[in-house]
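Computed from a predicted structure; not experimentally measured.
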Amino acid sequence: MTIAPQRVVILHYVLSDEDGQILDDSRARQKPLEYLHGHDNLMAGLERALAGSEAGAELDVTLSPDEAYGRRDEALVREVGRDAFPVPDLAPGMRFQTRGDDGPEIVTVLEVRDDGVRIDTNHPLAGRTLHYRLEVLEVREATRAELAKGHPLPPGTTPDQVEDKKVI
């Protein structure tokens with residue numbers, strides 16, 4: 001079976017940057033990636049590269065910043081009040097997830113002062129060229145429940161476990 005919309009894909013990947021530094025390795029974590037193809041669960045460039053592949057396929061894919069997490073935007077580096085952070089021991093390099101205008105965003109602390117904190121809300125991989133080594137393990141048809149939810153579900157999930165429960 002080939003990778004196409006409405007199919008669940010299970011794969012292993014190794015993500016490295018333009019210098020060859022490994023940033024993530026699903027095999028090392030013993031946790032393959034599982035996604036529903038065609039439902040924006042994966043970067044568009046990776047979906048395009050994977051389309052038409054079958055179980056057993058191995059691919060090397062390089063994504064430019066524009067195809068991955070975008071270019072760095074220095075306007076996203078700004079000052080905020082120290083009270084914006086609920087932790088007492090704040091340090092440069094710490095990352096937090098917060099609600100942004102377009103959904104969740106990652107905030108990286110750059111500098112901590114008594115009167116404020118300099119933060120960066122660019123994605124940590126913004127501006128980087130990314131290289132993926134992919135190995136397709138399995139391709140299968142999505143269930144109706146998976147299609148309704150827009151992502152893979154654990155094996156054995158029954159419809160009553162995924163339907164919205166409305167209180168009348």
Side-chain angles (χ1 to χ4, degrees), residues 1-76 94-108 119-167:
M1 178 174 296
T2 62
I3 296 174
Q6 319 303 15
R7 293 189 176 153
V8 172
V9 180
I10 301 172
L11 57 85
H12 270 302
Y13 66 91
V14 176
L15 167 61
S16 55
D17 65 12
E18 58 275 343
D19 298 323
Q21 178 185 349
I22 294 177
L23 305 173
D24 193 9
D25 182 341
S26 67
R27 192 176 300 282
R29 289 185 288 108
Q30 299 179 356
K31 184 161 175 57
L33 173 68
E34 189 172 356
Y35 79 97
L36 181 56
H37 196 82
H39 285 253
D40 297 324
N41 297 154
L42 204 59
M43 283 183 266
L46 285 178
E47 281 206 352
R48 278 192 302 276
L50 285 160
S53 297
E54 297 179 341
E58 295 184 11
L59 298 90
D60 287 317
V61 179
T62 300
L63 299 179
S64 69
D66 290 333
E67 298 170 301
Y69 292 99
R71 298 186 182 277
R72 280 195 52 76
D73 181 353
E74 290 309 314
L76 298 177
M94 292 177 104
R95 289 194 175 130
F96 298 87
Q97 184 171 319
T98 186
R99 202 170 317 144
D101 294 338
D102 298 321
E105 68 181 6
I106 297 170
V107 174
T108 303
I119 62 166
D120 184 352
T121 58
N122 282 288
H123 187 282
L125 296 176
R128 314 263 307 265
T129 297
L130 302 177
H131 179 75
Y132 288 86
R133 279 196 333 257
L134 307 165
E135 179 187 356
V136 180
L137 303 174
E138 181 182 337
V139 181
R140 65 172 174 79
E141 292 292 341
T143 65
R144 287 182 60 189
E146 289 171 325
L147 293 173
K149 285 296 193 182
H151 60 82
L153 297 169
T157 302
T158 61
D160 64 313
Q161 293 172 302
V162 295
E163 290 177 8
D164 290 335
K165 307 263 192 273
K166 295 186 179 175
V167 177

*Would you say the side-chain atoms of D19 pair up with the backbone N or O of Q21, donor to acceptor, closer than 3.5 Å?*
no

*In Å and rounded to the nearest 0.5 Å, what is the OG1 to CG distance from T2 to L50?*
11.5 Å

Run the side-chain donor-acceptor check on residues 31-38: report pairs under 3.5 Å with partners two or more places apart or on a different chain.
| unit_1 | atom_1 | unit_2 | atom_2 | d |
| --- | --- | --- | --- | --- |
| Y35 | OH | H37 | ND1 | 2.8 |

*asked:* Please report the interatomic distance OG1(T62) to CG(L130), rounded to the nearest 0.5 Å.
replied: 9.0 Å

*Listed by chain and number, what are the side-chain contact (heavy atoms from CB on, under 4.5 Å) partners of A55, not counting sequence neighbours?*
none

*Residue pairs passing the ring pair (Phe, Tyr, Trp, His ring centres under 6.0 Å) test where at least one lies in residues 119-152, sequence neighbours excluded*: Y69-H123

*Who are the ring pair (Phe, Tyr, Trp, His ring centres under 6.0 Å) partners of Y13, not counting sequence neighbours?*
none

*Qualifying residues under ring pair (Phe, Tyr, Trp, His ring centres under 6.0 Å), relative to H12, sequence neighbours excluded*: none

*asked:* For residues 47-67, which residue pairs pass the salt bridge (Lys or Arg N to Asp or Glu O under 4.0 Å) check, not counting sequence neighbours?
replied: D66-R71

*Give, for atom CG of L134 and atom CG of L11, the distance between the pair rounded to the nearest 0.5 Å.*
6.0 Å

*Answer whether the closest heavy-atom distance between the side chains of L42 and V9 falls below 4.5 Å.*
no

*Name all residues meeting the side chain to side chain donor-acceptor pair (under 3.5 Å) criterion together with E18; count only those two or more places apart in sequence or in a different chain, and write none if there are none.*
R128

_Residue list, salt bridge (Lys or Arg N to Asp or Glu O under 4.0 Å) with R99, at least two apart or on another chain_ = none

_Set of residues satisfying side-chain contact (heavy atoms from CB on, under 4.5 Å) with respect to Q30, sequence neighbours excluded_ = none

*Is there a donor-acceptor pair closer than 3.5 Å between any side-chain N or O of T121 and the backbone N or O of L76?*
yes

*Show the numbers, then the answer: is there a side-chain contact (heavy atoms from CB on, under 4.5 Å) between L147 and Q6?*
CA-CA 7 Å; L147 293 173; Q6 319 303 15; 3.1 Å; yes

_Salt bridge or not between R133 and E135? Use side-chain N to carboxylate O under 4.0 Å._
no

_Minimum heavy-atom distance G150-N41, with the two atoms named_ = O-OD1, 3.0 Å

_Quick check: closest heavy atoms across V136 and S53, and the distance to 0.1 Å?_
CG2-CB, 4.4 Å

Side chains of residues 139-146: which donor-acceptor partners sit under 3.5 Å, not counting sequence neighbours?
| unit_1 | atom_1 | unit_2 | atom_2 | d |
| --- | --- | --- | --- | --- |
| R140 | NH1 | E146 | OE1 | 3.0 |
| R140 | NH2 | E146 | OE2 | 2.8 |
| E141 | OE2 | R7 | NE | 3.0 |
| E141 | OE2 | R7 | NH2 | 3.2 |
| T143 | OG1 | E146 | N | 3.1 |
| T143 | OG1 | E146 | OE1 | 3.3 |
| E146 | OE1 | T143 | N | 2.8 |
| E146 | OE2 | L153 | N | 3.0 |

_Non-neighbouring partners of N122 that pass side chain to side chain donor-acceptor pair (under 3.5 Å), sequence neighbours left out_ = D120

*side-chain contact (heavy atoms from CB on, under 4.5 Å) involving Q97 - partner list, sequence neighbours excluded*: P104

